[in-house]
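Inspection log for the structure reproduced underneath, given as structure tokens.
As a basis for the values below, the full set of heavy atoms in this structure was taken, side chains included, without hydrogen atoms, waters or symmetry mates. In the text below, chain A, chain B and the rest are named by the order of the sequence lines, each starting its count at 1.
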There are 2 protein chains.
Amino acid sequence: MSQMQNVERQLREMILGLEIGPGEKLTERWIEGRFGASRTPVRAALLRLETEGLVGRDGRGWTVSPINLAELEQIAVYREAVEVAALRLTCMHADGNAIDVIEAMLDSCDQNTPREEWHRVGMDFHIELARLSGNEFLFRAVRDAMTRLSRARWLEVRDEAALGRAWAEHRAILAATRLGEADEAARRLSAHISGSRDRLVTSLANDRRGLRARGFAVVAA
Amino acid sequence: MSQMQNVERQLREMILGLEIGPGEKLTERWIEGRFGASRTPVRAALLRLETEGLVGRDGRGWTVSPINLAELEQIAVYREAVEVAALRLTCMHADGNAIDVIEAMLDSCDQNTPREEWHRVGMDFHIELARLSGNEFLFRAVRDAMTRLSRARWLEVRDEAALGRAWAEHRAILAATRLGEADEAARRLSAHISGSRDRLVTSLANDRRGLRARGFAVVAA
DNA sequence: GATACCGCTTTGGTATCCCAAAATGGTATC
DNA sequence: GATACCATTTTGGGATACCAAAGCGGTATC
């Protein structure tokens with residue numbers, strides 16, 4: 001694989017994995033040294049990650065995008081629009097087998113599963129569900145939105161019960177979709193996303209002080 | 001302004017203005033010479049335009065994205081989702097003054113207005129309407145979708161009557177929005193986008209042979 | 001005349017160098 | 001001790017040099 005894609009992938013993983021904290025300054029030369037590549041692939045990677053919203057410009061220079069609570073709320077609204085649209089499309093030509101695959105993803109998580117895996121599967125549920133719509137743009141929109149939400153969701157304090165409720169909601173959405181009950185599925189998905197947003201923003205707003213103490217820039221709503 | 005942004009802007013204009021045809025091959029060195037910049041800003045511009053969907057990779061090497069009828073249909077579905085969501089948000093806090101500004105844009109076009117201007121205003125109507133939602137992500141989604149549609153709409157054969165109908169639909173959408181009648185506004189917007197998509201795809205499919213003869217790659221649905 | 005093969009050219013990927021501007025840090029001054 | 005100022009360093013933007021691989025053309029062979 002080319003260096004360009006390597007630097008991009010590794011840097012993205014470091015940012016999403018919070019190995020580089022939200023708000024931290026980045027220099028092209030540090031990245032260059034860190035990954036053993038020259039500046040050309042480094043700059044390509046930064047340009048890409050900029051369009052994903054993971055890094056941004058800070059005057060001259062680069063910064064890992066801070067967690068922005070106002071932005072998280074806007075993303076949730078955006079998600080609701082595109083995910084519901086995708087789900088309604090899917091309901092019109094529901095494919096039981098494809099839905100089984102997604103349900104199996106949910107089933108693969110139990111109390112022994114590491115939190116990291118729950119986190120990943122929770123995102124993939126929404127992404128794979130959107131993919132079933134067959135609409136590339138709705139799919140990409142959902143995938144990109146989930147990428148932007150990823151770090152915040154990772155910082156969210158979620159108890160066992162909340163995870164269980166989310167999984168139940170996921171299953172209910174799948175069930176309605178399987179039956180082609182578009183309105184029911186859409187209503188449940190909307191509620192799920194709204195609730196998810198409220199818990200997320202509330203949790204981060206409450207932890208804001210602690211997060212900042214850990215060096216994570218969290219911008220208020 | 002930096003070279004990087006210059007090359008990006010000029011190259012985008014050449015592509016959107018069809019001075020470089022859909023499907024044409026691009027070499028970094030040709031662009032370099034054409035705009036008097038070195039490969040570093042050229043590369044940055046190509047990476048940016050790639051995320052906008054205006055250029056793509058063709059193995060090694062770059063190609064101006066062809067007009068893809070299947071993609072146009074998918075974009076229309078995507079547009080409908082995000083534009084309707086944005087419009088519903090706007091209806092909840094309709095600002096008469098802001099709507100006046102958009103209506104004035106429509107008014108600025110009359111029979112003496114060059115086709116190019118009608119084209120631009122027709123896009124800006126949707127973009128500015130989405131901006132009123134106050135949701136940055138819905139706004140960007142609409143703006144990016146319109147950018148992707150731009151070349152196709154420019155190739156579309158539109159008679160005076162069709163333009164007049166489109167403008168009437170625009171005004172009706174604004175009127176309903178001003179009154180806060182979200183359902184009515186949403187219904188009219190959906191119909192407008194659907195009709196627009198059908199006319200666009202039909203027109204291009206009919207002209208496909210002629211467009212290809214002009215050197216424009218048009219991929220079937 | 002078609003085709004397989006070989007060498008030259010072109011091209012994107014990468015590394016490196018240069019430069020102007022911005023950040024940094026130390027110092028002198030009040 | 002605070003602050004204004006200047007020298008130095010650092011940094012991103014740009015230009016260029018180099019390389020491997022893909023593309024292209026011509027030629028020899030059947």
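Electrostatic pairing of A/Arg197 and A/Glu73 does not count as a salt bridge here, judged by no charged N lying under 4.0 Å from a carboxylate O. Classification of A/Glu116 and A/Arg120 as a salt-bridged pair fails, no side-chain N sitting under 4.0 Å from a carboxylate O. Taking 4.0 Å as the cut-off between side-chain N and carboxylate O, A/Glu52 and A/Arg48 do not count as a salt-bridged pair.
The nearest whole Å value for the distance from the CD atom in A/Glu28 to the P atom in C/dA15 is 14 Å. We find that NZ of A/Lys25 is positioned 14 Å from C1' of D/dT10, with the value rounded to whole Å. If you measure from atom CZ of A/Arg29 to atom P of C/dT16, you get 12 Å, rounded to the nearest angstrom.
Under the ring pair (Phe, Tyr, Trp, His ring centres under 6.0 Å) criterion, no residue pair touches residues 3-49 of chain B, with sequence neighbours excluded.
Side-chain atoms of B/Gln10 and B/Arg34, non-hydrogen and from C-beta on, never get closer than 4.5 Å to each other. By the 4.5 Å heavy-atom criterion applied to side chains, B/Arg39 and B/Arg29 are counted as neighbours.
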- [ ] Show your working on side chain to side chain contact (heavy atoms under 4.5 Å, CB included) between B/Ile67 and B/Val219 and close with a plain yes or no.
- [x] CA-CA 6 Å; B/Ile67 305 283; B/Val219 178; over 6 Å; no

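Under the Watson-Crick or G-U wobble criterion, with both distances below 3.5 Å, C/dG25 is paired with D/dC6.
For the contact set between residues 32-46 of chain B and DNA chain D, defined by any heavy atom under 4.0 Å, the members are B/Ala37, B/Ser38, B/Arg39, B/Thr40, B/Pro41. DNA chain D lies under 4.0 Å from at least one heavy atom of each of the following residues of residues 47-62 of chain B: B/Arg60.
Ring geometry, A/His170 versus A/His126: the interplanar angle exceeds 60°, so the pair is classed perpendicular (tilted spans 30 to 60°).
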